Amino acid sequence: MSEDASIPRVALVTGANRGIGFEVCRQLAQLGWIVILSARDEDKGIKAADRLIRERLTVIPYQLDVTDLDSIENARQRVADEIGRLDVIINNARIHYDDWQRVIDADMTQVREAFETNTLGAWHMTRAFLPLLRESKHGRIVNVSSGAGSLVSMGARTPAYAMSKVALNALTRMFAAELAPDKILVNAVCPGWVETERGKGGRPVDKGAASIVWAATLDDDGPTGGFFRDGRAIPW
Ligand code: NAP
């Protein structure tokens with residue numbers, strides 16, 4: 001094993017106290033990685049991390065609200081002080097799957113809130129952690145998107161959510177172009193329709209998480225600036 005391969009990678013997952021983000025933490029930690037399980041509610045993060053720590057996984061709970069710049073800065077400072085490195089960010093946190101409204105009469109406050117978390121949250125996170133990612137030899141940014149943000153199949157439903165994911169996809173392309181010289185791979189990933197607290201009848205959460213873990217664990221010559229589900233490119 002090379003010296004590099006023996007050093008565990010470090011990943012930070014946002015919105016990881018439940019759902020797909022939680023399972024992503026489990027799967028990355030099962031690879032021997034150090035995983036920062038971040039949650040906007042500190043107690044929920046601690047409880048979720050404890051479940052994985054009991055599975056003998058290396059998981060560290062952090063308080064992190066992606067809409068709060070102070071919270072992001074505190075987390076960045078903690079990573080720098082306590083771990084000193086970061087290889088992967090997974091921008092997973094989201095709000096407002098607004099299947100209760102249509103584009104024609106959408107509550108614009110909810111639209112703004114969706115953008116604050118789902119799009120600007122990922123943007124702020126990426127900017128804040130970029131200096132650490134640039135020091136990594138295997139920097140990866142995974143923006144957890146959705147087929148709802150695909151323009152080719154765009155309809156009138158879930159307007160706040162869909163628009164915020166379209167913008168997240170655009171952000172993925174822009175950061176991928178910007179960071180190509182740094183060899184940081186930036187991709188958008190749809191986990192597929194997954195059964196979580198929100199939606200029943202989807203596929204199991206471990207399958208959705210695996211779609212994301214694929215992009216977090218890409219080889220250094222892997223793709224960047226793409227939109228994927230289960231390791232396969234899907235249309236923007
Ligand atoms: P979820 O169950 O709704 O969980 C969302 C997570 O985001 C929760 O931990 C929530 O925290 C957190 N969060 C919300 N606002 C936040 C903020 N300001 N700062 C930090 N964390 C925040 O979501 P999910 O179903 O697991 O989905 C995970 C990702 O996959 C999302 O990006 C989603 O768009 C995408 N996706 C999911 C599906 C699906 O079928 N489930 C399909 C396509 C794409 P609280 O617990 O405090 O609310």
Side-chain angles (χ1 to χ4, degrees), residues 12-27 35-49 51-52 59 61-76 89-99 110 112-126 128-129 141-150 153 157-169 171-172 187-216 227-230 234:
L12 186 157
V13 186
T14 64
N17 52 291
R18 62 186 165 98
I20 297 168
F22 175 77
E23 180 60 24
V24 168
C25 291
R26 173 185 274 136
Q27 292 185 14
V35 178
I36 298 166
L37 181 158
S38 75
R40 59 178 164 175
D41 180 311
E42 188 168 26
D43 289 341
K44 285 185 191 170
I46 290 170
K47 281 198 186 98
R51 283 175 59 196
L52 298 179
V59 174
Y62 271 34
Q63 192 282 332
L64 204 172
D65 182 332
V66 301
T67 63
D68 177 346
L69 293 184
D70 290 338
S71 166
I72 292 176
E73 172 52 21
N74 287 342
R76 188 205 62 77
I89 298 182
I90 299 183
N91 288 311
N92 169 79
R94 69 92 180 262
I95 56 167
H96 291 347
Y97 185 78
D98 54 334
D99 53 3
Q110 291 173 355
R112 230 174 261 121
E113 288 168 352
F115 270 86
E116 285 289 344
T117 298
N118 305 353
T119 313
L120 302 185
W123 196 339
H124 285 306
M125 282 294 298
T126 303
F129 284 92
I141 298 166
V142 185
N143 290 329
V144 183
S145 185
S146 167
S150 173
S153 53
R157 297 186 60 244
T158 62
Y161 181 74
M163 289 291 288
S164 71
K165 294 295 189 180
V166 170
L168 181 65
N169 285 354
L171 195 68
T172 303
N187 290 294
V189 171
C190 172
W193 183 251
V194 173
E195 179 152 335
T196 58
E197 283 169 32
R198 185 205 75 206
K200 295 289 169 208
R203 62 184 184 161
V205 73
D206 62 318
K207 291 276 188 295
S211 189
I212 295 162
V213 166
W214 172 84
F227 188 19
F228 297 95
R229 184 185 299 123
D230 297 333
I234 57 173

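One-based numbering, in listed order, for ligands and for the atoms of each. Computed from a predicted model, the values in this text were never measured in an experiment.
Of all the atoms in ligand 1, the ones that sit under 4.0 Å from a non-hydrogen atom of L64 are 19 (N), 20 (C). Close approach to K44 involves these atoms of ligand 1, each under 4.0 Å from a residue heavy atom: 46 (O), 47 (O). Near V144, the atoms of ligand 1 lying under 4.0 angstrom from a non-hydrogen atom of the residue are 29 (C), 30 (O), 32 (O), 35 (C). Heavy-atom contacts of P191 reach the following atoms of ligand 1: 30 (O), 35 (C), 36 (N), 37 (C), 43 (C), 44 (C) (cutoff under 4.0 Å). Under a 4.0 Å criterion applied to the non-hydrogen atoms of I95, ligand 1 contributes the atoms 14 (C), 15 (N). Near G19, with a cut-off below 4.0 Å to any heavy atom, the atoms of ligand 1 are 26 (O). Every atom of ligand 1 is numbered from 1 in the order shown, and the set under 4.0 Å from a heavy atom of W193 is 40 (O).
E116 is linked by a salt bridge (charged side-chain N to carboxylate O under 4.0 Å, His left out) to nothing, counting only residues two or more places apart in sequence or in another chain. Under the side-chain hydrogen bond (donor to acceptor under 3.5 Å, both in side chains) criterion, H124 pairs with no residue, sequence neighbours left out.
The shortest N/O to N/O separation between D41 and ligand 1 does not fall below 3.5 Å. At under 3.5 Å, not a single nitrogen or oxygen of A93, backbone or side chain, sits near a nitrogen or oxygen of ligand 1. The shortest N/O to N/O separation between R40 and ligand 1 falls below 3.5 Å. Taking any N or O of A39, backbone or side chain, none lies under 3.5 Å from an N or O belonging to ligand 1.
Using a 4.0 Å cutoff on heavy atoms, N17 counts as a contact of ligand 1. Residue S145 places a heavy atom under 4.0 Å from ligand 1. No heavy atom of D68 sits closer than 4.0 Å to any atom of ligand 1. Heavy atoms of E195 come nearer than 4.0 angstrom to ligand 1 in no pair at all. Residue contact check for ligand 1: T14 places no non-hydrogen atom closer than 4.0 Å to it. Ligand 1 does not have G202 within reach: every non-hydrogen atom of the residue lies 4.0 Å or more from it. Within the structure, ligand 1 has G192 among the residues with a heavy atom less than 4.0 angstrom away.
With hydrogens and angles disregarded, no donor-acceptor distance shorter than 3.5 Å links the side chain of N17 to the backbone of A39. One N or O on the side chain of Q27 and one on the backbone of D206 form a donor-acceptor pair closer than 3.5 Å. Panel note: side chain E195, backbone R203; no donor-acceptor pair is recorded below 3.5 Å. Judged by distance alone, the side chain of N91 and the main-chain N or O of T14 form no donor-acceptor pair under 3.5 Å. The main-chain N or O of G15 is found under 3.5 Å from a side-chain atom of N92 such that the two form a donor-acceptor pair. With hydrogens and angles disregarded, a donor-acceptor distance shorter than 3.5 Å links the side chain of S38 to the backbone of V13.
One distance of note links OG of S211 with CZ of F228; it measures 10.0 Å at 0.5 Å rounding. K165 contributes atom NZ, which lies 11.0 Å from atom OG1 of T158 (distance to the nearest 0.5 angstrom). Considering CZ of R112 and CG of L120, their distance stands at 12.0 Å, rounded to 0.5 Å.
Between K44 and R18 there is no side-chain heavy-atom pair separated by less than 4.5 Å.
For N92, heavy-atom contacts with ligand 1 shorter than 4.0 Å involve the backbone as well as the side chain.
Closest heavy-atom approach to atom 37 (C) of ligand 1 within the set I20, D65, V194: this belongs to I20. For atom 34 (O) of ligand 1, the nearest non-hydrogen atom from the set Y161, Y97, F22 belongs to Y161. Selection from R94, R203, E116 by nearest heavy atom to atom 3 (O) of ligand 1 gives R94.
The number of heavy-atom neighbours closer than 6.0 Å to CD of E113, taken from other residues, nucleotides and ligands shown, is above 12.
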